[in-house]
There are 2 protein chains.
Amino acid sequence: MNKWLILIIDDEPQIRKLLQINLESNDYKVIQAATGNEGISLCASHTPDLVLLDIGLPDKSGQEVLIELREWYQNPIIMLSVLDGEKEIITALDHGATDYLTKPFRAGELLARIRSAIKRNITTVNTKSIICGDLEIDLVSRIIKKNNELLKLTSTEYNLLALFAKNEGKVLTHQYILREIWGIGYQTETQYLRVFVGTLRKKIESDYTNPFHIITESGVGYRFQ
Amino acid sequence: MNKWLILIIDDEPQIRKLLQINLESNDYKVIQAATGNEGISLCASHTPDLVLLDIGLPDKSGQEVLIELREWYQNPIIMLSVLDGEKEIITALDHGATDYLTKPFRAGELLARIRSAIKRNITTVNTKSIICGDLEIDLVSRIIKKNNELLKLTSTEYNLLALFAKNEGKVLTHQYILREIWGIGYQTETQYLRVFVGTLRKKIESDYTNPFHIITESGVGYRFQ
DNA sequence: AACTTTCTTTATAAAATCTTTATATCTCTT
DNA sequence: AAGAGATATAAAGATTTTATAAAGAAAGTT
């Protein structure tokens, strides 16, 4: 099997060295960048399987790098931050960070997080399109088809449907959905969800008064099938 | 395979002897204690796979021993009691006893209870989905299937069934169930429980007038199998 | 700036679920 | 076999949760 490729973006050479030794002795291939811009171009040229990104960088903040990367880069990005960076961590997760680690970290924890992130990535993101009965969801091009006809969804509607589709058959709680789609802090806005489930149903269900795809689990959440 | 280790805590030497012979001839290893305090320290030093604990002990009551053990000891504890100890049994179950046997007991029953308690202990801890005959309970996705068909349960019904399934074979007292599902303060609302056991039976039992899964233990509670 | 689209709120109707009450059935003891 | 206590079932009432429409706010486009 080919080795997984990991890109480290961090300005401190000692940390880079430490990470490199740890990762290479665990059979990962490593490339490094000391600045945000360098990191972005390395990421573009090598498309690593995972990125370790420091929040505190000299040229542009880790947050900005994260946002830029997420415009086109799908693989896991784990943020590295100093302790007490609570707020930064939350914004990072909001912007699509996969996970985070606070420095100083134990090698075991780092490796565990990396393993789990990569594993999750190959099982979920790697499926490029999902087909559920008359629905076809292309996760790369963000195109939804129903009986081969193109559906026009808004961004939020699409995100919601994609989340459902990735968790087909599983009950998703209101809280979980709200956190995933709207972000932390929206977990009580259950009414948003009701409205959007309503519009989604009108678009994807053959008979929206008697929904087949999006099932209500009263008191808990919704289930997609 | 290593033999299972069983600790007997009972003040009557004849009973200890009887139990020892029975258990050892069935391939269990046995250690004994004649008093509660001795039992607790033996349990701490040997961490047996199961404890047989007499309710009537000279130094401290079996109930006290049970409570002390349950602060740190996770494995099954089967209580031994004389007949007509109904109340004591219920308090014992409330305090985390796994099962009970009334003396005098048949050897076959004793062994069956021990087998089932040990089996349950090694299988149900940390399992994500539980299969009981025609029922399949997925604790992660909150999905219940009967003969592979999806069952629609309300939130409370699901919680109740999940609680039962996690304690398969074990008698759960009304109090305990009410505390777990509805919370502290609802422990006297036995009628709630009756109504919900009724609706659950209608959904999961093949013949709900003659329930197989949810067994009534009159005066005590229910047992799921 | 005017217009379109999308998102957020608010209000209300409808549905589902939970609680309570009443009554029937069962079980155990005397 | 009668009576007490415990359990089961049905059904009405109360409450909570969900669905839907529609108005107001925000964002994006031309």
Side-chain angles (χ1 to χ4, degrees), chain A residues 94 142 144 151-161 163-164 171-175 177-178 180-183 185-205 207-224, chain B residues 83-87 89-90 93 102 142 144 151-161 163-164 171-175 177-178 180-183 185-205 207-224:
Chain A
D94 275 347
R142 294 176 73 97
I144 313 283
L151 284 189
K152 183 162 168 43
L153 299 190
T154 73
S155 168
T156 311
E157 286 164 3
Y158 170 83
N159 291 337
L160 186 55
L161 180 57
L163 181 67
F164 276 136
V171 177
L172 302 180
T173 65
H174 299 133
Q175 285 215 357
I177 300 171
L178 286 162
E180 289 293 313
I181 305 293
W182 280 269
Y186 286 78
Q187 299 176 22
T188 54
E189 302 287 352
T190 323
Q191 185 59 15
Y192 287 14
L193 194 47
R194 298 218 176 91
V195 173
F196 276 89
V197 165
T199 64
L200 247 189
R201 276 181 176 151
K202 277 189 192 153
K203 292 184 181 179
I204 69 170
E205 299 284 2
D207 172 14
Y208 83 90
T209 57
N210 186 24
F212 168 79
H213 284 298
I214 305 179
I215 308 297
T216 305
E217 298 281 345
S218 196
V220 184
Y222 295 92
R223 184 164 47 81
F224 183 79
Chain B
L83 263 171
D84 301 327
E86 295 286 319
K87 268 207 184 123
I89 288 166
I90 293 176
L93 291 171
T102 45
R142 283 183 82 95
I144 313 282
L151 285 189
K152 185 155 174 46
L153 300 189
T154 73
S155 172
T156 310
E157 287 163 4
Y158 171 83
N159 292 336
L160 185 56
L161 180 57
L163 180 67
F164 277 135
V171 178
L172 302 179
T173 64
H174 300 133
Q175 285 215 359
I177 299 171
L178 286 162
E180 290 292 313
I181 304 292
W182 280 269
Y186 287 78
Q187 300 176 20
T188 55
E189 303 286 353
T190 324
Q191 183 58 15
Y192 286 14
L193 194 47
R194 298 217 176 92
V195 173
F196 275 90
V197 165
T199 64
L200 247 190
R201 277 180 176 153
K202 277 192 191 149
K203 292 185 181 179
I204 69 170
E205 300 284 2
D207 172 14
Y208 83 90
T209 57
N210 186 23
F212 168 80
H213 285 298
I214 304 178
I215 308 298
T216 305
E217 298 280 343
S218 198
V220 184
Y222 295 92
R223 180 198 295 264
F224 182 80

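Chain letters run A, B, ... following the sequence lines, proteins first, then strands; residues in each count from 1.
- Looking at B:Leu161, B:Leu172, B:Leu160 one by one, the single match for side-chain contact (heavy atoms from CB on, under 4.5 Å) with B:Phe224 turns out to be B:Leu161.
- Heavy atoms only, all atoms of each residue included: A:Phe164 and A:Ile177 are closest at CE2-CD1, 3.9 Å.
- Between C:dC7 and A:Thr156, a contact under 4.0 Å exists linking OP1 or OP2 to a side-chain N or O.
- If you check every strand for non-hydrogen atoms under 4.0 Å, B:Val195 touches a base.
- What separates CD1 of A:Ile181 from C1' of C:dT6 is a distance of 15 Å, to the nearest Å.
- Between B:Glu157 and B:Lys203 a salt bridge is recorded (basic side-chain N to carboxylate O distance below 4.0 Å).
- Spacing between atom CG of A:Leu160 and atom C1' of C:dT8 amounts to 15 Å, rounded to whole angstrom units.
- Counting distance only, with no hydrogens placed and no angle test, the side-chain atoms of A:Gln191 and the base atoms of C:dT10 include a donor-acceptor pair under 3.5 Å.
- The side-chain hydrogen bond (donor to acceptor under 3.5 Å, both in side chains) test applied to A:Asp207 returns A:Thr209, not counting sequence neighbours.
- Here the P atom of nucleotide C:dT5 and the CD atom of A:Glu157 are 13 Å apart, to the nearest Å.
- Here B:Tyr186 lies out of heavy-atom contact (under 4.0 Å) with every strand.
- Phosphate proximity of C:dT9 to A:Tyr192: present, with a side-chain N or O under 4.0 Å from OP1 or OP2.
- At whole-Å resolution of the value, CZ in B:Phe196 and C1' in C:dA16 are 12 Å apart.
- You can see that DNA chain D meets the heavy atoms of chain A within a 4.0 Å-exclusive cut from D:dT17 to D:dA21, reading 5' to 3'.
- Here A:Gly219 lies in heavy-atom contact (under 4.0 Å) with sugar-phosphate atoms only.
- Here the P atom of nucleotide C:dT8 and the CG atom of A:Leu178 are 11 Å apart, to the nearest Å.
- Rounded to whole angstrom, the span from the NZ atom of B:Lys152 across to the P atom of C:dA15 amounts to 15 Å.
- Ring geometry, B:Trp182 versus B:Phe196: the interplanar angle exceeds 60°, so the pair is classed perpendicular (tilted spans 30 to 60°).
- Checking side-chain atoms of B:Arg223 against main-chain N and O of B:Glu217 turns up no donor-acceptor pair under 3.5 Å.
- In terms of phosphate contacts, A:Trp182 brings a side-chain nitrogen or oxygen within less than 4.0 Å of OP1 or OP2 of C:dT8.
- The distance between atom CG of A:Leu153 and atom P of C:dC7, rounded to the nearest whole Å, is 10 Å.
- Only one option out of A:Leu193, A:Ile215, A:Leu200 pairs with A:Tyr222 in a side-chain contact (heavy atoms from CB on, under 4.5 Å); it is A:Leu193.
- Between the CZ atom of B:Arg194 and the P atom of C:dT20 there is a distance of 15 Å, rounded to whole Å.
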